[in-house]
Every structure is written in structure tokens, then in C-alpha cells.
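Down below is the structure, laid out as C-alpha cells.
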Protein chains: 2
Amino acid sequence: MPKPAPRRHTRGSQSGRPIMVLLDLLGRRWALRILWELRDGPLTFRALRDRADSVSPSVLNTRLRELRDAGLVEMSNEGYSPTRDAAELGELLLPLDGWAKRWAQRRR
Amino acid sequence: MPKPAPRRHTRGSQSGRPIMVLLDLLGRRWALRILWELRDGPLTFRALRDRADSVSPSVLNTRLRELRDAGLVEMSNEGYSPTRDAAELGELLLPLDGWAKRWAQRRR
DNA sequence: CTCTTGTGCTACGTTTTTCGTAGCTATCGC
DNA sequence: GCGATAGCTACGAAAAACGTAGCACAAGAG
């Protein structure tokens, strides 16, 4: 009779190095986008969905749970917002907008 | 006889806004990680695989193709490297490392 | 030449994730 | 009560990612 199977995670970042954990977390579908959309203040679940190309609620919920577990997002009666830490992270991400615009220009 | 089906992409970024396109591209599994690993110079396909938790070659190849198509990665006889544009993007990503370390500290 | 080594990458069956839609529960104002 | 809005779950279908094996090619050694 076979053992119940060691039940490893399939998901990345073996090392546990924080940057790898972060890149893994942000590399899941919609995670970056969610963080991006939450930059300026709280959004409700549905508002967030509307902003993010109508991502399916099950995935949105999964991501939000992961982001909450990671301490990047929190929920109040206003809706979802980035934690203070994540707001900082959001600022690090800001320059991406400018970069993306130049990038789009270059490759027209 | 049913129509061949309109064949829409399933994948994000309806708007075409550059930042959304970028977030979508980087939000695919291993994309961020690949960019991260390529920061300091060229890596061969296999070296890249080894660094990135042995990501499966089919996925790695798909990501590399996407990143090449997007003008973020190029291939020489040295292996894969970021394009000049992507090197710039890589620098924008650098502060994430410090952030991740502080984040890991805070949540121990 | 053959043999080895290392390369980029494909093939393919299995597993996991994501998707789309419907709809449940709870709360609020009326 | 009713309707509107909220967060979120359920679930079958589709797509993506996985792990492993191995092909084709090139360069080097003998």
C-alpha cells in the first residue's frame, strides 16, 4: 500500500530567500495587477474586479487571500487596501508606468 | 455545423495600456524570476533553468519566447540576456530585494 | 571517423491553475 | 417585507504548468 504521498508544494521558491518568495507571489496571475489597482485607496471586491478586466471571482478571492496572508493587503469596511508595507512596495512599482510607456513607444 | 469559434485570447490587458500589458506579461509564472536571474549577464537555457528552481523546459521556453517577442530578452552565443531596455527595467526591480528582506524581517 | 559532452529545445501525458457563470448569504436603506 | 449591494463559494470546462524523456546539433577529444 502506497504512502499517502509527501504532499509537496508545486509552487516555486525552494530557497526561501525573501526575494524569491516575493517574485513567486507576484508572479501569479493578477497579483501585480491587484497591487497596482489598490495603489490609490481602498476598493471593494467588485470594484477591484471591474478594474481588473473582470477577473473571475474565484481567482480574485484566492489572490486576495494570498496577499492578505502575506501581509500585503488588508480589509476594512472601506474595502481592500494595501498594508503600509505594500504601499511602500507600490511606490517601488510606480516607475514601471513610465518605463512601460517608453517601451511601448520604442516598439511601435 | 458550429462556427469555428471566435478565438479570443484568454489573457488579460484588454485596454492595451502599456502598463497593463507589462503587468500581464510579468504576471506569468517565472517571468519576473527569469528577468531577475538575467540581471548580471547572459545565461544559457540550462543555467537559467538551474537557477530558477528547475522550471520545466517547456514553460521556460514559452516565457523566453514571449520575452523575446516583447523585446525584453535576446539571445546571443553567450546565451540569453536582457536587452538594453530590460536592463533598465531590471534596475527598477532591484529595490525589491531590499524591500523583500525587510518584509521577511517584519513577519518573522 | 567515433565517442562524449553540452547545447537549445520539443513531445506528451499528468496535474494544477484559471476561467466563466450562477448563485448563496449577509447587510443596508426603505 | 423588498430591492440593491456587498463578499464570496461552487463547479464543470479550458488553459497553463508540470516532470520526464529524449531529439538534433555542434564542438572537442581521441
Side-chain angles (χ1 to χ4, degrees), chain A residues 2-14 20 23-35 37-38 41-70 73-82, chain B residues 2-14 20-21 23-35 37-38 41-70 72-82:
Chain A
K3 288 274 192 62
R7 205 64 199 106
R8 54 200 175 133
H9 331 51
T10 27
R11 207 91 193 226
S13 73
Q14 308 273 50
M20 299 313 170
L23 293 181
D24 179 35
L25 187 60
L26 299 183
R28 299 177 191 186
R29 213 177 276 179
W30 301 108
L32 271 172
R33 177 69 176 267
I34 289 170
L35 237 48
E37 296 297 349
L38 290 180
L43 286 177
T44 67
F45 190 92
R46 290 180 191 224
L48 195 46
R49 253 200 104 208
D50 291 345
R51 291 213 186 191
D53 293 330
S54 302
V55 47
S56 103
S58 38
V59 179
L60 179 54
N61 190 38
T62 304
R63 283 303 154 269
L64 284 171
R65 203 178 331 110
E66 291 164 356
L67 292 172
R68 272 185 288 176
D69 291 349
V73 161
E74 62 195 356
M75 197 189 175
S76 67
N77 46 9
E78 307 278 311
Y80 289 97
S81 17
Chain B
K3 289 273 193 66
R7 204 65 198 103
R8 54 201 178 134
H9 336 43
T10 26
R11 207 89 192 229
S13 73
Q14 309 273 50
M20 299 313 169
V21 176
L23 293 179
D24 179 34
L25 187 60
L26 299 184
R28 299 178 190 186
R29 212 178 277 179
W30 300 108
L32 271 173
R33 178 68 176 268
I34 289 170
L35 237 48
E37 297 296 349
L38 290 181
L43 287 176
T44 66
F45 190 91
R46 292 182 190 220
L48 195 46
R49 255 200 102 206
D50 291 345
R51 290 213 186 191
D53 293 331
S54 300
V55 46
S56 102
S58 39
V59 179
L60 179 55
N61 189 39
T62 304
R63 284 302 154 273
L64 284 172
R65 201 179 330 109
E66 291 165 356
L67 292 172
R68 272 184 287 175
D69 291 350
L72 296 182
V73 161
E74 61 194 357
M75 197 190 175
S76 66
N77 46 11
E78 307 277 310
Y80 289 97
S81 17

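Lettering of chains follows the sequences in order, A, B, ..., and the numbering in each one begins at 1.
When the P atom of D:dA6 is taken as reference, atom CG of A:Leu64 falls 15 Å away, rounded to whole Å. Distance CZ (A:Arg29) to P (D:dA16): 6 Å, rounded to an integer number of Å. In this entry the distance linking CG of A:Asp24 with P of C:dT17 reads 11 Å, nearest Å. The interatomic distance linking B:Arg28 (CZ) with C:dT17 (P) rounds to 18 Å, in whole Å. Rounding to whole angstrom units, CD1 of residue B:Ile34 and C1' of D:dA17 are separated by 13 Å.
Listed nucleotides: C:dT17, D:dC18, C:dC19. Nearest to the side chain of A:Arg63: C:dT17. Checking C:dC19, C:dT21, D:dG19 against every side-chain atom of B:Ser58, the shortest atom distance belongs to D:dG19.
Qualifying side chain to side chain contact (heavy atoms under 4.5 Å, CB included) partners for A:Asn61, counting only residues two or more places apart in sequence or in other chains: A:Phe45, A:Arg65, A:Arg68. Listed by chain and number, the residues in a side chain to side chain donor-acceptor pair (under 3.5 Å) with B:Thr44 amount to none (sequence neighbours excluded). Contacts of B:Ser56 classified as side chain to side chain contact (heavy atoms under 4.5 Å, CB included), with partners at least two apart in sequence or in another chain: B:Ser58, B:Val59. For A:Ser54, the side chain to side chain contact (heavy atoms under 4.5 Å, CB included) criterion is met by A:Arg49, not counting sequence neighbours.
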Start with the C-alpha gap between B:Asp53 and A:Asp24, add the side-chain angles, then the distance that decides, and say whether side chain to side chain contact (heavy atoms under 4.5 Å, CB included) holds. CA-CA 11 Å; B:Asp53 293 331; A:Asp24 179 35; over 6 Å; no

Report the C-alpha separation of A:Leu35 and A:Val73 in whole Å, then their side-chain angles, then the decisive distance to 0.1 Å, and conclude whether the side chain to side chain contact (heavy atoms under 4.5 Å, CB included) test is met. CA-CA 8 Å; A:Leu35 237 48; A:Val73 161; 4.2 Å; yes

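When the side-chain nitrogen and oxygen atoms of A:Trp30 are compared with OP1 and OP2 of C:dT17, none of them lie within a distance under 4.0 Å.
Rounded to the nearest 0.5 Å, atoms CG (A:Leu48) and CH2 (A:Trp30) are 10.5 Å apart. Here CG of A:Leu64 is found 5.0 Å from CD1 of A:Ile34. Values are rounded to the nearest 0.5 Å.
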Shorter than 3.5 Å, N or O on both sides, protein versus nucleotides 3-8 of chain C: list them out with atom names.
unit_1 : atom_1 : unit_2  : atom_2 : d
C:dT7  : O4     : B:Arg46 : NH2    : 3.1
C:dG8  : OP1    : B:Phe45 : N      : 2.6
C:dG8  : OP2    : B:Phe45 : N      : 3.2
C:dG8  : OP2    : B:Arg46 : N      : 3.1
C:dG8  : N7     : B:Arg46 : NE     : 3.3
C:dG8  : N7     : B:Arg46 : NH2    : 2.8
C:dG8  : O6     : B:Arg46 : NH2    : 2.6

Protein-nucleic acid N or O pairs under 3.5 Å, nucleotides 28-30 of chain C:
none

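Using a distance-only test at 3.5 Å, with no hydrogens or angles considered, no donor-acceptor pair links the side chain of A:Arg51 to the main chain of A:Arg33.
Place B:Val59 and B:Arg49 on DNA chain D by their nearest nucleotides, and B:Val59 ends up nearer the 5' end.
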